[in-house]
Structure formats: structure tokens, C-alpha cells
Number of protein chains: 2
Amino acid sequence: MVNSTQYTSAALKAELNSKGWRMTPQRETILKVFQELPAGNHLNAEELHARLETSSGISLSTVYRTLKLMARMGILRELELAEGHKHYELNQPYPHHHHHLVCVKCYRTIEFKSNPILTIGSKAATERGFKLLDCQLTIHAVCPECQRSIVPL
Amino acid sequence: MVNSTQYTSAALKAELNSKGWRMTPQRETILKVFQELPAGNHLNAEELHARLETSSGISLSTVYRTLKLMARMGILRELELAEGHKHYELNQPYPHHHHHLVCVKCYRTIEFKSNPILTIGSKAATERGFKLLDCQLTIHAVCPECQRSIVPL
DNA sequence: TTAAGTGCAAAAACTTTGCATATTT
DNA sequence: AAATATGCAAAGTTTTTGCACTTAA
């Protein structure tokens, strides 16, 4: 378990309460799933729901509501890597913060880090008075394998 | 009309043909719509279809198919700025290439440029053998106005 | 000619919402 | 006690697909 200490459920509760929202077992469980997710993994709503269903019976509605809430709070990052559905991962601070290189054909995804980008992104936001939540470079490209294949689309 | 000379329909035809695909009036028309779109504008499938419907009667299916095709060819950029639907814009080279700063609450979007990011992105792709199609930094943040409002979500 | 592209309508996939009930604060 | 959150089922959006017909190469 690599990332489990980043963001405690107490911190989540505090942040929720400061805005008049509430901590619930569902939200705590969902946070935990993301914290225990191995680096480089992402989940969409359906996948998260599948993991939760067995143990806790959290509904799909709540999954969607929680993902949106946490993304807007800056706790989760919304990734648009593959077709059709958003994926989510923990929004981690500096040493773990990373970007994505995605093959538009096979959707293979590679993570990479870059401090300069983080710096440029923060500056772009703050100098316009925006409060930064997330800063992600997404590179769309064709991977070496797919460059060779003549497969269409 | 600022960008009309960037990418001719002849160039599109050549690129399509090189892969066994075909130029069609629909594809030509859609390219033209994007070329004539004022800087800073984006269209989703529905909006593009609405513009086409009046004159040319291009179907929604074709709109979706064409957007996906052109995005994967690197001609269009797929943007994930607001809720629920993708937006598209021309994927423009260097002097026009830009990134997006988006308010997660009101979805106000600001474009900004950065050469260093383009450089870092190209390098990240090519040093892994990927052929670069697009490189976009998306910054999620809260705009000054929305920081003041206590409106939830 | 013949393989790719289009339009249509139907289906699929994804996400949101209304409402009664349960829970935090 | 009051207001937020949840679960369920239903509805809403967005996107894809099958198929017969058309058209570019």
C-alpha cells in the first residue's frame, strides 16, 4: 500500500464539514478504494461500483455523486484516456503527481512526471486568480506497435 | 477567417487516401466548419450537427464518425472541458497551439499558450517512440468569482 | 467494380434525477 | 430537529451500431 497516508478520512471529513457537507461511510469507503489502488491504475464509475458492490452495497448513484463531488473538491482527478467514460485516480501532490501519454489506437497509457509543467500550470492558474485543483498534460499519440500496424481507426 | 489556410481539403484527401480511406463532401464540409470557427470556440457533436443540418443534411451518425476519425488522425483535438460531452477544435500547430484553464464550477474556460510545455510533451512522446498527435495541458481550478460564491457542487 | 461511407432508426452506454427513507450534524 | 445523503427505479443524454443504399477511387 503505497499511498495510504496521503489524505486521511479525518481530513476529508474536515473539508466536507467546512462546506456544510457530511462524512458518510460511503464516502470514506470510496476514498479508501482509491488510496489502496496501485499506482498507474484508474477506475471508472462502473468499475468502482463493482468493487464496492460485493462488500458494502454502495449504489451506482452514490458512486457517480461521490466521484463528481471529490473531483470538484480536488481530491480525485478526472482522466479522459479511453473511449466513452471518465476514469478517476487520486489527485496526488508533488512527488507523485504525473501526466499521461496515451495511444489513440490501442489506448495504452504511460505515466510520466514533469516538475516544469506543474510550475507552469500553477502559475497560469494563480496569475489569473484561479485556485488550482489539478494540472494534467495529456498527450495523444500513436504507440510504436500501432504505427506499424495498418489497422484503421 | 483566421485559420483557413492551415489545412487544405486536398491535404485531408491525401492523408485519407494514404490509409485507404476516402474524401467525401461530408468530411470536407466538416473540416471547413472547424476552419472557419473563430479562435477560442469549440463544438460538440450536437452543435456541429446543428450547423450542418440546415445546409447540408449531414447525419448525426456521420458527425460522430467524422469527429472520431479526425481526432484520431490528429486533425482535431478532443477537449473535455464541460460536463458530459466532448468538444472539438482544430489541432493547430505552433503559433496557435494552446492549453486550457477551466473552472470546475462554472466551466468558464481560458486559453493560454506555452512553448515549454509543447517541448516537454514532444520529448515525452518521441523518446518513447510514440508519434505525437496532440499535447494539451488542462488545468482544473476554481475561478475568482466561484471562489467567492458559497454555491455547492 | 468494390470497398468505404452515409443515413436512418434502433440499441447501447453512460449519467442524472425524483422521491421516500436513512443518517449526520 | 433539520438538512444532507442514500438507494432505487425511472428518465435523460450521449454515442454506437446494423443494415440497405450510395459513392469515391
Side-chain angles (χ1 to χ4, degrees), chain A residues 9-10 12-31 42-50 52-73 76 78-88 107 150-153, chain B residues 9-10 12-31 42-50 52-73 76 78-88 107 150-153:
Chain A
S9 90
L12 174 58
K13 176 167 166 30
E15 208 167 320
L16 285 166
N17 291 348
S18 78
K19 300 189 176 168
W21 303 329
R22 295 169 183 182
M23 182 53 140
T24 64
Q26 290 87 340
R27 290 173 179 176
E28 185 165 10
T29 303
I30 289 173
L31 175 63
H42 325 112
L43 298 175
N44 65 25
E46 208 69 61
E47 292 161 347
L48 173 57
H49 184 233
L52 295 167
E53 212 161 28
T54 8
S55 41
S56 52
I58 297 176
S59 75
L60 229 203
S61 305
T62 295
V63 166
Y64 274 108
R65 287 189 277 231
T66 305
L67 287 174
K68 185 187 267 190
L69 178 70
M70 289 186 170
R72 291 198 177 177
M73 289 175 77
L76 296 178
E78 224 170 62
L79 311 175
E80 199 61 42
L81 304 176
E83 281 295 297
H85 40 245
K86 292 172 188 146
H87 278 81
Y88 295 82
Y107 295 115
I150 325 182
V151 182
L153 249 176
Chain B
S9 90
L12 174 58
K13 176 168 166 32
E15 208 167 321
L16 286 167
N17 290 348
S18 78
K19 301 188 175 167
W21 303 329
R22 295 171 184 181
M23 182 53 138
T24 64
Q26 290 87 342
R27 290 174 179 175
E28 184 166 11
T29 303
I30 289 174
L31 175 64
H42 326 110
L43 297 175
N44 65 25
E46 208 70 59
E47 293 161 347
L48 174 56
H49 184 233
L52 296 168
E53 211 161 29
T54 6
S55 41
S56 53
I58 297 176
S59 74
L60 229 202
S61 306
T62 295
V63 166
Y64 274 108
R65 287 188 276 230
T66 305
L67 288 174
K68 186 187 266 189
L69 178 69
M70 289 187 170
R72 291 198 177 177
M73 290 175 76
L76 296 178
E78 222 171 64
L79 311 175
E80 199 60 42
L81 303 175
E83 280 297 297
H85 40 245
K86 292 170 187 148
H87 278 81
Y88 295 82
Y107 295 114
I150 326 182
V151 181
L153 247 176

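The sequence lines fix the lettering, A, B, ..., with proteins before strands; numbering per chain opens at 1.
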Rounded distance in Å - [atom1] ([X]) to [atom2] ([N]):
| X | N | atom1 | atom2 | value |
| --- | --- | --- | --- | --- |
| B/K19 | C/dA3 | NZ | C1' | 18 Å |
| A/E28 | C/dT25 | CD | P | 11 Å |
| B/L60 | C/dA10 | CG | C1' | 14 Å |
| B/L69 | D/dT17 | CG | P | 15 Å |
| B/E15 | C/dA4 | CD | P | 18 Å |
| B/L16 | D/dA24 | CG | P | 13 Å |
| B/E80 | C/dC14 | CD | P | 14 Å |
| A/W21 | C/dT23 | CH2 | C1' | 18 Å |

According to a strict under-4.0 Å criterion, is [X] in side-chain N/O contact with OP1 or OP2 of [N]?
| X | N | value |
| --- | --- | --- |
| B/S59 | C/dT6 | no |
| B/K68 | D/dT16 | yes |
| A/R27 | D/dT6 | yes |
| A/R65 | C/dT16 | no |
| A/K13 | C/dT25 | yes |
| B/Y64 | D/dT15 | yes |
| B/S61 | D/dT17 | no |

Heavy atoms only, 4.0 Å cut-off, all strands: where does B/Q26 land among base, sugar-phosphate and nothing?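 Sugar-phosphate: the residue B/Q26, judged by heavy atoms under 4.0 Å, touches backbone atoms but no base.
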Could you check whether B/N17 gets within reach of a base, just the sugar-phosphate, or nothing at all, counting any heavy atom under 4.0 Å?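 If one applies the 4.0 Å heavy-atom cut-off, B/N17 turns out to touch the sugar-phosphate alone, with no base involved.
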Could you say whether B/A45 or B/M23 is positioned toward the 5' end of DNA chain D, judged by the nucleotide with the nearest heavy atom to each?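 Per heavy-atom nearest nucleotide, the more 5' residue is B/A45.
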Need to verify one output field. Residue with the more 5' nearest nucleotide on DNA chain C, B/I58 or A/T24?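 Its nearest nucleotide lies further toward 5', so the answer is B/I58.
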Residue whose closest nucleotide on DNA chain C lies nearer the 5' end, B/G57 versus B/R22: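 By nearest-heavy-atom nucleotide position, the 5'-most residue is B/R22.
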When rounded to the nearest 0.5 angstrom, what is the spacing between OG1 in A/T62 and CG in A/L69?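 If we round to the nearest 0.5 Å, A/T62:OG1 and A/L69:CG are 11.5 Å apart.
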Evaluate the side-chain proximity of A/K13 to A/N17: yes if any heavy-atom separation is below 4.5 Å, no if none is.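 They are in contact (side-chain heavy atoms under 4.5 Å apart), so the answer is yes.
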Least distance between heavy atoms, A/A71 atom then A/E78 atom: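 Closest heavy-atom pair between A/A71 and A/E78: CB-OE2, 4.0 Å.
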Between B/S9 and B/E28, is there a side-chain donor-acceptor contact under 3.5 Å, judged purely by atom types and distance?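 The answer is yes; a qualifying pair exists.
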Side chain A/H49, main chain A/S59, donor-acceptor under 3.5 Å: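 Here the side-chain-to-backbone pair does not exist.
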